[in-house]
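This report concerns only the one structure given below.
Numbers here are sequence positions counted from 1. First listed ligand is number 1; within each ligand, the first listed atom is number 1.
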Amino acid sequence: MKLTIHRGTHEIGGSCVEVRSDDGDQRIVVDLGMPLVRPDRTPFDWRQYENLSPEELLEEGILPPVDGLYAHQEPDVQAVLISHAHQDHYGLLRFIHPEIPVYCSTGSRALIEVSNIFLNTAVNIRQLEPLTMWESVTVGGFTVTPYLMDHSAPDAVAFVVDIEGNRLFYSGDFRGHGRKRAVFERLLSHPVPDIDCLLLEGTMIGRSEGAYQSEEEVETAVREVIKSTNSYTFVFASSQNLDRLISVYRAALQTDALFVIDLYTAFVLDRLKVISPNIPQASWRNVRVLYSRYHANKLAEFDRSQLYRFRGSKIDMTELEAYTGRSVFFYRDNRIFRRMLRNLGSLTNSRAIYSMWPGYLEGGDLEAVLSSHGIEMTLIHTSGHAVESDLKRLVSSLDPGCVVPMHTFHPDHFANMFENVITLDDGEELQIPVNTSIPKE
Ligand SMILES: [Zn+2]
């Protein structure tokens with residue numbers, strides 16, 4: 001087995017790995033993400049590139065150089081595997097050849113479809129082949145097995161990839177402190193045997209772990225903030241972060257607050273029914289859906305009948321203002337939110353909670369805008385990524401032949417944490433199994 005990390009050896013975002021048989025005849029690609037940073041580490045902005053042709057994108061180094069992967073090439077890749085529905089893992093899928101199958105979980109497929117409708121991500125949904133957790137599929141000469149992981153994207157998976165008697169474990173993004181921590185613990189107690197190489201994410205290496213250690217702690221802290229006001233609480237979080245949505249919804253129920261979501265979030269929850277009947281829905285207790293023209297138009301373009309699905313839970317601004325109890329808004333900071341804030345009338349005693357990675361606040365004016373309305377914002381967040389102690393637990397349980405850092409800005413730290421670390425550069429080929437100079441104990 002041979003592998004090349006085309007992007008991700010020294011950065012977070014834009015993940016792309018190519019795995020080959022020894023003769024190079026069989027090839028698959030694992031993740032095909034949109035970069036988050038440019039080579040100089042400044043933020044990557046897709047709008048600067050969206051008008052380029054695939055050839056130009058390849059030349060610019062935006063599309064990873066995988067021959068036979070893209071629509072303008074002769075197809076020569078057996079499949080693409082997508083670990084989860086975050087843009088930095090699948091955001092370049094729109095460019096692949098339509099004959100190449102894409103394997104992902106049913107939850108990822110649902111979210112990719114929602115993003116197509118609302119965020120113009122342009123993935124060919126017909127290409128997506130849903131995987132069943134822990135069930136192996138044969139892809140050319142490869143056997144691929146998805147492992148459900150705990151992450152801020154629901155239905156995220158790690159992949160075990162076997163070919164020619166060698167075994168790769170691709171961790172994808174994961175953590176051990178979310179609502180799916182039981183699957184992480186199960187992986188630790190029932191480790192996949194005989195792993196020759198572990199591609200391990202390291203997002204949290206070199207980052208602060210923050211004040212909240214788990215989703216439960218987030219839920220408790222959010223509940224206390226909601227309780228402290230009889231008015232509005234604005235919670236900023238991603239609608240596709242299902243764990244967080246459940247934490248905030250539970251906090252709203254415990255404080256008898258209305259849980260106000262937009263049409264986009266209502267549609268996300270509706271589509272995620274495919275993974276579990278226990279996912280909160282617009283029709284559930286205390287949930288209200290606030291329509292905006294922008295989201296209504298997007299949904300109507302896709303399928304007008306979907307617009308009426310959430311009618312029973314609809315609330316409008318007049319009803320919201322007349323409501324005398326507590327209301328919790330689960331929103332993102334965007335034009336729709338800003339307009340709503342201006343139209344809400346009295347914001348006296350309102351509170352705000354930022355429940356995303358605080359790095360996103362840099363350079364923005366959210367805090368200033370809220371403060372001009374007299375609203376104080378509190379940071380209540382726990383990462384979607386594994387803390388160092390959980391990375392160590394995974395490595396010691398899987399006991400792989402080698403550990404290759406990726407999805408990290410600090411690959412150099414891995415050698416202080418693990419044995420048999422091989423640090424690659426983007427585009428460098430690794431032959432597996434590896435003859436490590438340090439013998440394994
Ligand atoms: Zn992710």
Determine whether the aromatic ring centres of residues Phe159 and Tyr147 are separated by less than 6.0 angstrom. no
Determine, for Trp284 and Arg250, whether the Lys NZ or Arg CZ falls below 6.0 Å from the six-membered ring centre while staying within 45 degrees of the axis. no
Looking at the Zn ion (ligand 1), is there an N, O or S atom belonging to His84 that lies under 2.8 Å away from it? yes
Of all N, O or S atoms in His86, identify the one at the shortest distance from the Zn ion (ligand 1). ND1
Atom name of the N, O or S atom of Asp173 nearest to the Zn ion (ligand 1) is OD2
Looking at the rings of Phe184 and Phe174, which for Trp means the six-membered one, are their centres under 6.0 Å apart? yes
Side-chain (Arg94) to main-chain (Thr121) donor-acceptor, under 3.5 angstrom: yes
